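Shown next, in structure tokens, is the structure this report addresses.
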Amino acid sequence: MESTESSYVSSPEQPQKRSPPPPASPPSDSEEKPTYTRFLVSNAAAGSVIGKGGATITDFQSQSGARIQLSRNYEFFPGTSDRIIMVSGGIDDVLKAVELIIAKLLSEIPAEDGDEAEPRMRMRLVVPNSACGSIIGKGGSIIKSFIEESHAGIKISPLDTKFFGLTDRLVTVTGTLEEQMHAIDLILSKLTDDPHYSQTMHAPFSYAGVFFSGFDGIQYACVLPYVATAAYNSMNHGLNGAAVKFQHNKDDITNSVTIGVADEHIGLVVGRGGRNIMEISQTSGARLKISDRGDFMSGTTDRKITITGSQRAIRAAEDMIMQKVSYASERETD
């Protein structure tokens with residue numbers, strides 16, 4: 001059964017701090033509201049943020065008071081090979097944690113001989129499309145003011161329509177540590193006041209769909225709406241072998257089927273840039289997961305393809321996969 005566990009890993013939550021003395025003046029609404037930010041880091045940078053045995057991420061949580069979570073090492077933002085960091089808490093705590101993380105990453109950029117300029121880097125924030133309007137403003141007025149005030153470069157990417165179901169956009173912030181933190185402060189303060197943004201704070205982190213590794217070292221993903229597993233029904237078989245099927249579930253209940261495809265034919269199922277497997281997933285409505293290279297069906301050299309969805313979606317996806325493989329086999333025999 002698919003795990004319902006959160007897709008984030010983090011160090012244990014820190015014990016609650018002793019309450020500070022009351023402030024002299026009431027804090028603003030944005031300081032009171034819990035908020036969050038998500039941004040991308042490379043797999044190597046993720047290791048630096050975690051630290052040996054989780055020491056660094058635990059220290060950052062202790063210093064900031066924010067919670068820091070990191071997607072697992074095989075869960076990337078669609079279209080990238082970058083993992084997602086989520087920082088949540090009060091806005092000041094979140095900003096402190098982000099500053100600690102950026103400073104850590106900047107400190108690991110090798111300095112060129114004789115170059116005394118302050119290092120600059122690029123941060124890519126993940127922002128729901130529904131909330132981007134609040135930081136763009138009419139005619140781009142708000143984002144222009146953020147750029148002028150912070151002196152950082154800020155660019156909002158268009159929504160990537162290649163990934164069905166993706167509702168997040170990337171906001172790229174470029175500059176020195178001070179410039180980036182000023183820009184992120186402005187962006188996060190504006191987002192925290194946006195009801196669309198606050199509604200997504202507790203949404204499950206899931207870029208569900210096609211996830212696999214080991215094919216020419218490239219990761220592909222096709223994002224589909226998250227479907228809770230109501231029941232689990234499995235069967236294992238090869239495309240050219242007998243199948244043991246248990247079809248006692250109704251068609252609208254989510255099932256999971258694993259089939260085998262010859263290792264040399266996996267590329268045909270995937271297609272260039274993941275085009276074929278994304279088409280299969282989108283057309284059938286099923287979610288597909290291809291096993292890592294070397295992970296075969298028992299007693300064979302066939303790679304595993306796990307198909308999840310309704311029985312109708314599974315059948316449609318399986319038929320499309322079989323067509324791809326059968327076409328290749330016919331060409332080989334000609």
Side-chain angles (χ1 to χ4, degrees), residues 2-3 5-12 36-61 64 66-88 94 97-111 119-127 155 157 160 162-163 166 168-174 177 180 184 204-224 266 270 273-274 277-278 287-295 303-304 306:
E2 293 185 354
S3 172
E5 178 185 346
S6 168
S7 296
Y8 279 118
V9 292
S10 69
S11 62
Y36 77 98
T37 188
R38 290 182 291 162
F39 54 94
L40 307 186
V41 293
S42 68
N43 210 36
S48 298
V49 174
I50 295 170
K52 189 174 182 180
T56 303
I57 194 172
T58 300
D59 180 50
F60 286 175
Q61 288 191 129
S64 65
R67 188 179 184 199
I68 305 172
Q69 299 168 275
L70 186 68
S71 66
R72 302 183 193 280
N73 59 11
Y74 56 84
E75 293 175 336
F76 303 136
F77 186 83
T80 77
S81 57
D82 291 333
R83 293 164 69 177
I84 305 101
I85 290 181
M86 177 171 171
V87 184
S88 57
V94 168
V98 171
E99 183 176 13
L100 290 167
I101 293 170
I102 296 177
K104 172 70 174 175
L105 299 180
L106 281 170
S107 70
E108 298 186 356
I109 297 177
R120 301 170 65 86
M121 67 175 286
R122 180 185 69 168
M123 289 284 293
R124 288 186 291 175
L125 308 178
V126 180
V127 177
K155 182 178 180 180
S157 69
D160 195 337
K162 294 195 299 293
F163 298 96
L166 179 63
D168 292 326
R169 294 165 69 175
L170 295 177
V171 178
T172 303
V173 181
T174 309
L177 174 60
Q180 285 187 318
I184 293 171
F205 168 78
S206 177
Y207 292 112
V210 179
F211 284 99
F212 62 94
S213 60
F215 184 75
D216 293 338
I218 302 173
Q219 289 265 357
Y220 303 100
C222 171
V223 181
L224 295 174
I266 283 292
V270 173
I277 200 165
M278 286 191 283
R287 295 167 53 196
L288 292 89
K289 181 177 180 180
I290 297 181
S291 64
D292 293 343
R293 180 174 293 170
D295 183 7
R303 295 273 287 280
K304 303 172 187 175
T306 302

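No experiment lies behind these values; they were computed from the predicted model shown.
Across all non-hydrogen atoms, the minimal contact from Ala66 to Val87 is CB-CG1, 3.8 Å. What you find for Ser157 and Arg169 is that their closest heavy atoms are O-NE, 2.8 Å. Summarising the geometry of Ser48 relative to Glu108, their closest heavy-atom pair is OG-OE1, 2.8 Å, with the distance given to 0.1 Å.
Taking CD1 from Ile266 and CD1 from Ile277, the interatomic distance works out to 7.5 Å, rounded to the nearest 0.5 Å. Within the model, atoms CD1 of Ile85 and CD1 of Ile101 stand 4.5 Å from one another, a figure rounded to the nearest 0.5 Å. Taking CD1 from Ile68 and OG1 from Thr56, the interatomic distance works out to 10.0 Å, rounded to the nearest 0.5 Å. To the nearest 0.5 angstrom, Ile184 atom CD1 is 5.5 Å from Leu125 atom CG. A distance of 10.5 Å separates CG of Leu106 from CD of Glu99, quoted to the nearest 0.5 Å. A distance of 6.5 Å separates CD1 in Ile102 from CE in Met121, rounded to the nearest 0.5 Å.
Here the side chains of Arg122 and Thr174 are in contact, with some heavy-atom distance below 4.5 Å. Contact of the Arg303 side chain with the Arg293 side chain is registered, since non-hydrogen atoms from C-beta on lie closer than 4.5 Å. Looking only at side-chain heavy atoms (C-beta outward), Val126 and Leu170 come within less than 4.5 Å of each other.
Arg124 meets the salt bridge (charged side-chain N to carboxylate O under 4.0 Å, His left out) test with Asp82; sequence neighbours excluded.
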* Start with the C-alpha gap between Lys104 and Phe60, add the side-chain angles, then the distance that decides, and say whether side chain to side chain contact (heavy atoms under 4.5 Å, CB included) holds. => CA-CA 10 Å; Lys104 172 70 174 175; Phe60 286 175; 3.9 Å; yes
* To do: Give the C-alpha distance, both sets of side-chain angles, the deciding distance and a yes or no for side chain to side chain contact (heavy atoms under 4.5 Å, CB included) between Phe39 and Val98.
  => CA-CA 9 Å; Phe39 54 94; Val98 171; 4.1 Å; yes
* Test side chain to side chain contact (heavy atoms under 4.5 Å, CB included) applied to Ile84 and Leu70, step by step -> CA-CA 6 Å; Ile84 305 101; Leu70 186 68; over 6 Å; no
